[in-house]
Amino acid sequence: MAMGGELRKVLVVGGGGREDALGWALSRSTQAATGGVELWFYPGNAGTLRWGRNLTRDELASFSAAGEESERLTAWAVHQGIDLAVIGPEAYLAAGLADRLRAVGVGVVGPGRAGAQIESSKAWAKKFMTRHGIPTARYRTFTRTELAKAREFVKSLRTPPVIKADGLAGGKGVTVTESTDEALQVLEELFVRNALGEAGNCLVIEERMTGREVSLLVLTDGHTLAILPEAQDHKRIGEGDTGPNTGGMGAYSPVPFFSDPVREEVIHRILLPTLRGLAAEGIAYRGVIYAGLMLTADGPKVVEFNCRFGDPETQVILPRLEMDWLALFSAVAKGNLDGYLQSCSQARRLFPAGTGGSRVPAVWQLVPQVGAALAVVIASEGYPGSYQTGFPVEGLAALCELQQVYLFHAGTRVGSAGRVLTAGGRVLNLVGVGESLAEARARAYEAVARVRFANQYYRRDIGYQVCSQPSGTLVARRGS
Ligand code: AMP
Ligand code: GLY
């Protein structure tokens with residue numbers, strides 16, 4: 001890895017709103033401000049070109065046509081002299097990109113294949129939680145050959161269960177069933193009709209929990225935890241949290257019902273046992289642990305773990321923290337997180353109270369300087385099903401007039417004459433910040449109203465559970 005003073009070459013892997021936000025954050029680092037950083041994105045989007053250069057899929061294919069994508073990207077990183085990589089999407093982590101990059105000396109924010117199992121295999125994650133006493137819903141797992149047993153189990157339950165495909169299923173792998181009949185139907189679809197392919201080779205059938213949800217993300221180098229501000233996303237496509245699940249149609253931070261005592265309980269009952277569990281199993285984990293939590297009557301429980309930053313949670317977490325993200329990520333990648341945080345004014349040590357010893361995991365809270373942030377995702381009409389792309393996006397230049405608003409691109413590309421065109425399901429994120437969520441929300445929607453493309457769709461009610469202010473004055477625009 002490059003030492004201080006040298007040009008740092010940083011690769012952000014992914015091309016969504018999360019990666020654009022990561023690029024923005026990295027470009028504000030002290031070293032970037034002095035021209036000491038070259039940022040690359042693979043494959044990036046029209047927005048990431050504001051912070052650096054994109055390596056397109058075609059360019060990677062012409063650099064090297066042989067081998068898996070992660071192999072080719074690793075070869076390119078060596079050729080280019082990349083010294084730090086931040087990996088966004090779970091599929092790359094599950095495929096072992098972090099292992100490959102580390103093996104050739106690149107520092108990485110993101111776990112290797114073994115650590116990525118906390119997300120890539122729900123059955124593995126549940127067993128891991130059981131082994132380490134981490135609170136989560138009661139469950140059983142079944143493989144494809146056990147259809148009859150799975151049916152019997154579903155019929156024996158007093159309440160309809162949640163059924164989860166074991167493997168990565170792009171957000172489509174979880175069904176919260178409403179009746180035994182529906183649960184039996186889901187079994188049929190996954191095991192017999194093979195609706196999710198290999199991801200459905202094994203199923204987790206678990207009890208349905210009730211409570212409010214919150215996401216708590218931490219950065220870790222395997223020894224130390226840096227707790228990021230909590231966030232909440234809106235997964236459903238429709239207003240009032242209705243309709244199919246998506247990657248996320250909006251998010252906000254903070255989450256007012258997530259109190260300090262509950263955070264402490266999460267740290268002690270969930271995060272520290274997770275960190276210790278990973279270490280005990282010989283998994284060196286450097287990256288993000290994303291705990292999707294439900295605050296039940298019996299205390300906080302894990303709904304799911306992700307092995308990466310959330311999208312769009314990242315778009316509201318990063319703008320709240322005025323950190324030197326490059327320095328922080330470098331510390332994670334080098335395994336020196338505790339050392340770095342000792343000299344970081346935005347970090348407050350939560351645990352242990354004293355200096356601890358090198359064997360005691362340290363827990364730090366990254367203290368936000370910005371009160372609140374709220375992100376609205378503008379998507380292509382039809383998403384999460386099929387949708388058209390290639391429409392010009394108008395009104396982006398006018399966003400510069402707005403204060404305390406950030407624009408993060410997701411599915412966009414640059415067309416002829418430098419026009420920004422839509423290129424995906426989720427197209428743009430407009431993020432408002434402010435003292436309060438209501439202020440952040442008003443700013444985000446003011447920005448949304450200035451942007452326009454032919455088949456746009458967005459939810460008008462992001463943050464409705466936590467903002468008392470009505471959104472009735474906001475006019476959602478579908479199509480044109
Ligand atoms: P996951 O992909 O595991 O986060 O699941 C997607 C969504 O399904 C979660 O955000 C929850 O709203 C819901 N969900 C998952 N597991 C459960 C559960 N055991 N009880 C209730 N809701 C759940
Ligand atoms: N927004 C949910 C996720 O990133 O998994």
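Just so you know, residue 1 is the first one in the sequence shown, and it goes up from there. In this text, all values refer to a predicted model and were calculated from it rather than measured experimentally. One-based numbering, in listed order, for ligands and for the atoms of each.
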Near [X], which atoms of ligand 1 are under 4.0 Å from a heavy atom of that residue?
{"X": "M209", "value": "18 (C), 19 (N), 20 (N), 21 (C)"}
{"X": "V303", "value": "3 (O), 4 (O), 9 (C), 14 (N), 15 (C), 16 (N)"}
{"X": "M294", "value": "21 (C), 22 (N)"}
{"X": "E206", "value": "16 (N), 17 (C), 18 (C), 19 (N)"}

Checking a contact table here: which protein heavy atom is nearest [atom], and how many Å away?
{"atom": "atom 7 (C) of ligand 1", "value": "V174 CG1, 4.5 Å"}
{"atom": "atom 1 (N) of ligand 2", "value": "D233 OD2, 2.8 Å"}
{"atom": "atom 13 (C) of ligand 1", "value": "V176 CG2, 3.7 Å"}

Check each heavy atom of E213 against ligand 1 and say whether those closer than 4.0 Å belong to the side chain, the backbone, both or neither.
-> side chain
What do the steps show when you test N455 against Q388 for side-chain hydrogen bond (donor to acceptor under 3.5 Å, both in side chains), and what is the final call?
-> CA-CA 8 Å; N455 62 342; Q388 284 184 291; 5.5 Å; no
Compare all side-chain heavy atoms of I267 with those of V218 and state whether any distance is below 4.5 angstrom.
->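 No, every pair of side-chain atoms sits at 4.5 Å or beyond.
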Min side-chain heavy-atom separation F408-W24 under 4.5 Å |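 Sidechains of W24 and F408: in contact.
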Among E304, E207, K235, whose heavy atom sits nearest atom 1 (P) of ligand 1?
->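 Minimum heavy-atom distance to atom 1 (P) of ligand 1 goes to E304.
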Find out whether the Lys NZ or Arg CZ of R57 is both under 6.0 angstrom from the six-membered ring centre of Y42 and within 45° of the ring's axis.
-> yes
Has R18 got its NZ or CZ under 6.0 Å from the middle of the six-membered ring of F309, at an angle within 45 degrees of the ring axis?
->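 No, R18 and F309 do not form such a contact.
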Are any of the N or O atoms of E304 closer than 3.5 Å to those of ligand 2?
-> no
N/O of Y290 under 3.5 Å from N/O of ligand 2, yes or no?
->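 Between Y290 and ligand 2 (N or O atoms, distance only) the closest approach is not under 3.5 Å.
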Please test Q185 against D181 for side-chain hydrogen bond (donor to acceptor under 3.5 Å, both in side chains), starting from the C-alpha separation and ending with a verdict.
-> CA-CA 6 Å; Q185 237 171 339; D181 275 353; over 6 Å; no
Check F309 against ligand 2 and report side chain, backbone, both or neither, counting heavy atoms closer than 4.0 Å.
->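 Neither; no heavy atom under 4.0 Å.
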Identify which one of V109, L326, L11 satisfies the side chain to side chain contact (heavy atoms under 4.5 Å, CB included) criterion when paired with V86.
->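 Among V109, L326, L11, the one meeting side chain to side chain contact (heavy atoms under 4.5 Å, CB included) with V86 is V109.
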Which of the numbered atoms in ligand 2 are below 4.0 angstrom from a heavy atom of [X]?
{"X": "E313", "answer": "1 (N), 2 (C), 4 (O)"}
{"X": "G247", "answer": "1 (N), 2 (C)"}
{"X": "N306", "answer": "5 (O)"}

Give me the one residue out of E304, E313, R308 that meets side chain to side chain donor-acceptor pair (under 3.5 Å) with Y290.
-> E313
Does any N/O atom on K164 come nearer than 3.5 Å to any N/O atom on ligand 1?
->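 N/O-N/O distance below 3.5 Å exists for this pair.
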Quick check: does N245 get an N/O under 3.5 Å from an N/O on ligand 1?
-> no
Using the side-chain hydrogen bond (donor to acceptor under 3.5 Å, both in side chains) rule, take Y92 and E69 through it: C-alpha gap first, then chi angles, then the decisive distance, then the call.
-> CA-CA 9 Å; Y92 290 105; E69 188 184 18; 3.0 Å; yes
What class does the angle between the rings of F128 and H132 fall in, given that below 30° is parallel, 30 to 60° is tilted and above 60° is perpendicular?
->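 The rings of F128 and H132 sit tilted, inter-plane angle from 30° to 60°.
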Working for side-chain hydrogen bond (donor to acceptor under 3.5 Å, both in side chains), residues T177 and T175 = CA-CA 6 Å; T177 66; T175 312; over 6 Å; no
Does G310 reach ligand 2, in the sense of a heavy atom lying below 4.0 Å from it?
-> yes
Whether R308 lies under 4.0 Å from ligand 2, heavy atom = yes
Can E178 and R208 be counted as an ion pair, charged N to O under 4.0 angstrom?
-> yes
